[in-house]
Number of protein chains: 2
Amino acid sequence: MAKPPNPNTPLTEHLAYLLAQANREINRQLESRLSTEGVPVEQWRILKVLSDGEGHSMGDLAEAVLLNHPTLTKMIDRMVSDSLVYRRQDAHDRRKVLMFISDRGKALCKRLNSLAASQEAHILENYGDKATGELKRLLENLIDAAS
Amino acid sequence: MAKPPNPNTPLTEHLAYLLAQANREINRQLESRLSTEGVPVEQWRILKVLSDGEGHSMGDLAEAVLLNHPTLTKMIDRMVSDSLVYRRQDAHDRRKVLMFISDRGKALCKRLNSLAASQEAHILENYGDKATGELKRLLENLIDAAS
DNA sequence: TCGAAAATGTTGAATGTTCAAGAATTGGGA
DNA sequence: TCCCAATTCTTGAACATTCAACATTTTCGA
């Protein structure tokens, strides 16, 4: 017999809540590491995506770094002011804007990567290799199943 | 031999990124369910915490629903306007403000609970009982280990 | 070929969040 | 007891995000 869903579940038993909580905590820690360079997490993600040297359209970038279009536009404006990235129009589709990383951006990204890596290492230590791997696997599956 | 951390990991292999992605997706779905009642996810959390009928201080509430103080204050202002909750001063410590849920708030919370339950049920279906339970367990451990 | 609809990115106004400072109250040591 | 530091919550200004509307370019069917 299927048991009916219990609507009086405490907050802490909801998957959505656990995800929010874990995300908040991990993100906070990462943020605090990256603050050495005075850079928000999203900018690190942007730099990392652009690190392949290819041009990425604003749309693709927005998708990849989990920001919506207008927010990304304004964040990119700031990064252009800081000479971390630059815009080029796509020759094949002139509606598109392609983003590229600058040398300055590459150098910063390198430093950020190592800060982020040290955070991951710290998690691995406390939480264990096996649990981390398993968690990653489950999260990937959830993302696939949910979207 | 311990392998050195690889700084050139793609974005999608970072735990922080996977968490952000999963959280975003699940939260989006929940938001879309709750939008039937025109209520943001945070307000549902607040109502749920207050559903025990006890008075909760702003500080405790902020902690529980993952908002910082000023943000919570302003959200509570809105909810008071909507007659969902009300403030009372704590008699024992008059610095504190205790929040209570109103009848209107209780009725709304009930409807929201069932919307949220149907989302969880939907996830369970696509993702499986076992994986969901395991994921919840790993997330709880991570939260403990990280904080 | 032409024109309407879709795709892509930006902008400005409305809205929400955050940071720093402030007001009120409590607690604890001199 | 008295005063100063700590706690709790709110406020206002600075800042960031979101929504809707717009401009440009491409696509595709009539």
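Only heavy atoms go into these numbers, but all of them, side chains included; no hydrogens, no water, no symmetry mates. Naming convention: chains lettered A, B, ... in sequence-line order (proteins, then strands); numbering from 1 in each chain.
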Is B:R87 salt-bridged to B:D77, cutoff N-O under 4.0 Å?
-> yes
So does B:R87 get a side-chain nitrogen or oxygen closer than 4.0 Å to the phosphate oxygens (OP1/OP2) of D:dT10?
-> yes
Carboxylate-amine/guanidinium proximity below 4.0 Å for A:R24 and B:E63 = no
A:P70 side chain, from C-beta outward: closest of D:dC9, C:dT18, D:dC19 | D:dC19
Atom pair distance, as rounded to whole Å: NE2 in A:H69 and P in D:dA21 | 18 Å
Whole Å only: how far is the CD atom of B:E31 from the C1' atom of D:dT18?
-> 11 Å
Comparing B:T71 with A:K96, nearest DNA chain C nucleotide closer to 5' gives the residue A:K96
What is the distance from NE2 of B:H92 to P of C:dT26, rounded to the nearest Å?
-> 12 Å
5' priority, DNA chain D, between B:K74 and B:D60 [closest heavy atom] = B:D60
Given the rule that I, L, V, M, F, W and Y join up when any side-chain heavy atoms are under 4.5 Å apart, are B:I143 and B:V49 in one cluster?
-> no
Spacing of A:L66 atom CG relative to D:dT18 atom P, expressed in whole Å = 12 Å
Considering only heavy side-chain atoms of B:S57, the closest of D:dC9, C:dT10, C:dT26 is D:dC9
Note: for A:D90 and A:E42 on DNA chain D, the residue whose nearest nucleotide lies more 5' is A:E42
B:R94 side chain N/O closer than 4.0 Å to the phosphate oxygens (OP1, OP2) of C:dA24?
-> no
May I have the distance from A:M75 (atom CE) to D:dT18 (atom P), rounded to whole angstrom?
-> 10 Å
Please state how far atom CZ in A:R78 lies from atom P in D:dC15, giving the value in whole angstrom units.
-> 11 Å
Ignoring hydrogens and angles, does a donor from either the side chain of B:R95 or the base of D:dT7 sit under 3.5 Å from an acceptor on the other?
-> yes
Shortest side-chain distance from A:D93, nucleotide among D:dC9, D:dT18, D:dT26 | D:dT26
Is any side-chain heavy atom of B:L66 less than 4.5 Å from a side-chain heavy atom of B:R45?
-> yes
Separation of C:dG12 atom P from A:D77 atom CG, nearest Å, is 11 Å
Short side-chain N/O contact from A:T73 to OP1 or OP2 of C:dT11, under 4.0 Å = no
Starting from P on D:dC9, measure out to CG on B:L98 and report it in whole angstrom.
-> 8 Å
Has the side chain of B:T73 got a donor or acceptor atom that lies under 3.5 Å from a matching backbone atom of B:H69?
-> yes
